[in-house]
Amino acid sequence: MTLEEELRGLLISELRLTHIKPEQITDDTPLFGNGLALDSLDAVEIVILLGRHYQIDTSELEHSREAFTSVKTLADFVRKKKEKV
Amino acid sequence: MKYGGKYGNAFFHHIIRRFGVTPAYLAVLGLAVPYYSVIRPSVRKSIYPYIERRFPGQNAWMRFVNSSRHLVNFSETLVDQAAAGILGTQRLNFDFPSGELLREVSRRRKGLVVLTAHVGNYFASMVMGQYLDIPMNVVIDTQNYQGNHFFDLTKEKIPFRIIPPTFEGLITATNALRTGEIVALMGDRKDNTRTIEVNFLGSPVEIPATPYHLAYATGADVGVLLSARTGKLHVRMDFEVIRENSEWQNLGKEAAIHRMAQAYADRLERYVNRYPFMWYNFFDFWELTSKGNK
């Protein structure tokens, strides 16, 4: 399973997006706005799930809004943080 | 509700600087209160939705009297806030019987969401950050905060980190809680995010859901910190824990969040019953917009 696939599953389960199937989310589907229409409180949960599942420092996300753009950008952020460990 | 204005505020700030606090009280009582009570009654009437629920069944005269008393208290509080900014926060006298409880809970380093409200001298309560061992963050929009009579005037080092109520700010608050810090938020004024419906003074109201989502997501403890103006430059503060040790987490997210929000509304209701003329939300707090939960 790729990191992107894993993140799709996590977003659906942790954010309770029960009306969405994983295959409906592409790597580039916008998480906010016209895409999944998530909001800032969902972003809070994304921060928590990234910290919990990947044990990474999420403080950088305070200045990296672009990391929340899509599954791909989230995966890139996780990879970058994992490389640094 | 617009109260004061640039030149009006500058006038009262000049009186505080030149003559002291007591003349400023007299000036607001002689000028500002009659102006906003009689000449521009829309300001006084903006308190009615609250006054009518806090004192049900009152006649028109008593509604006028009570709303005017509200304006008197609000005006004196603004003088105190400005005086703390101009003359220094050391001029404020604090009575904080539950201060040790706040220190004790914050020292657990589990993250602490502190809910405040527009009650009494609420800006003064933020100054309490200097007495805590744990870093304190306050989510507040200092740029657009009407009646910002403290931040504009103080030259002191603010004893907390200000977090703007933005997307990035919310991430900052989340990380602060994850590292065991304190995050204080106003719980009684809707923002642009989700709201949650609770009962307050006998009717449903919507309050911001953000504090409870933050607490639920991070497992932080939750407390309520309210303040009352008890005299000239005197502030009484009360802190109470409403959730600790991830209580209610097993109820599921929505139920836990609602339980926390109602607990906050109950504490606020108890406070405005005790200090009826010190809740400063000058709009119809009971108007439901149904932004709703997600």
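Quick caveat: nothing in here was measured; it's all calculated off a predicted structure. Within every chain, numbering begins at 1; the chains are lettered A, B, ... in the order of the sequence lines, protein sequences first and strands thereafter.
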Exercise for the section: Would you check if A:H63 and B:E168 make a side-chain contact, meaning some heavy-atom pair closer than 4.5 Å? Expected result: no

Exercise for the section: Taking the side chain as every heavy atom from C-beta outward, state whether A:D42 and B:R194 have any atom pair closer than 4.5 Å. Expected result: yes

Handout entry: When A:I46, A:L49, A:V47 are compared by non-hydrogen pairs under 4.5 Å with chain B, the top option
Key = A:V47

May I ask you to check whether over 12 heavy atoms, not counting those of [X], lie within 6.0 Å of atom [atom1]?
| X | atom1 | answer |
| --- | --- | --- |
| B:K190 | NZ | yes |
| B:N273 | CG | yes |
| A:E66 | CD | yes |

Kindly compute the distance separating [atom1] ([X]) from [atom2] ([Y]), expressed to the nearest 0.5 Å.
| X | Y | atom1 | atom2 | answer |
| --- | --- | --- | --- | --- |
| B:F167 | A:L41 | CZ | CG | 10.0 Å |
| A:L61 | B:I171 | CG | CD1 | 6.5 Å |
| A:E45 | B:H213 | CD | NE2 | 7.5 Å |

Problem - Which of B:T172, B:L214, B:T179, B:T210 touches chain A most, by non-hydrogen pairs under 4.5 Å - result: B:T172

Problem - Pair A:T58, B:N175: side-chain N/O donor-acceptor within cut-off below 3.5 Å - result: yes

Practice task
Identify the two heavy atoms, one from A:I48 and one from B:A217, that lie closest to each other, and give their separation to 0.1 Å.
Solution key: CG2-O, 3.6 Å

Practice task
Could you please spell out the steps behind the side-chain contact (heavy atoms from CB on, under 4.5 Å) verdict for A:D39 and B:T193?
Solution key: CA-CA 8 Å; A:D39 65 11; B:T193 58; 5.7 Å; no

Handout entry: salt_bridge(A:D57, B:R178) N-O dist < 4.0 Å
Key = no

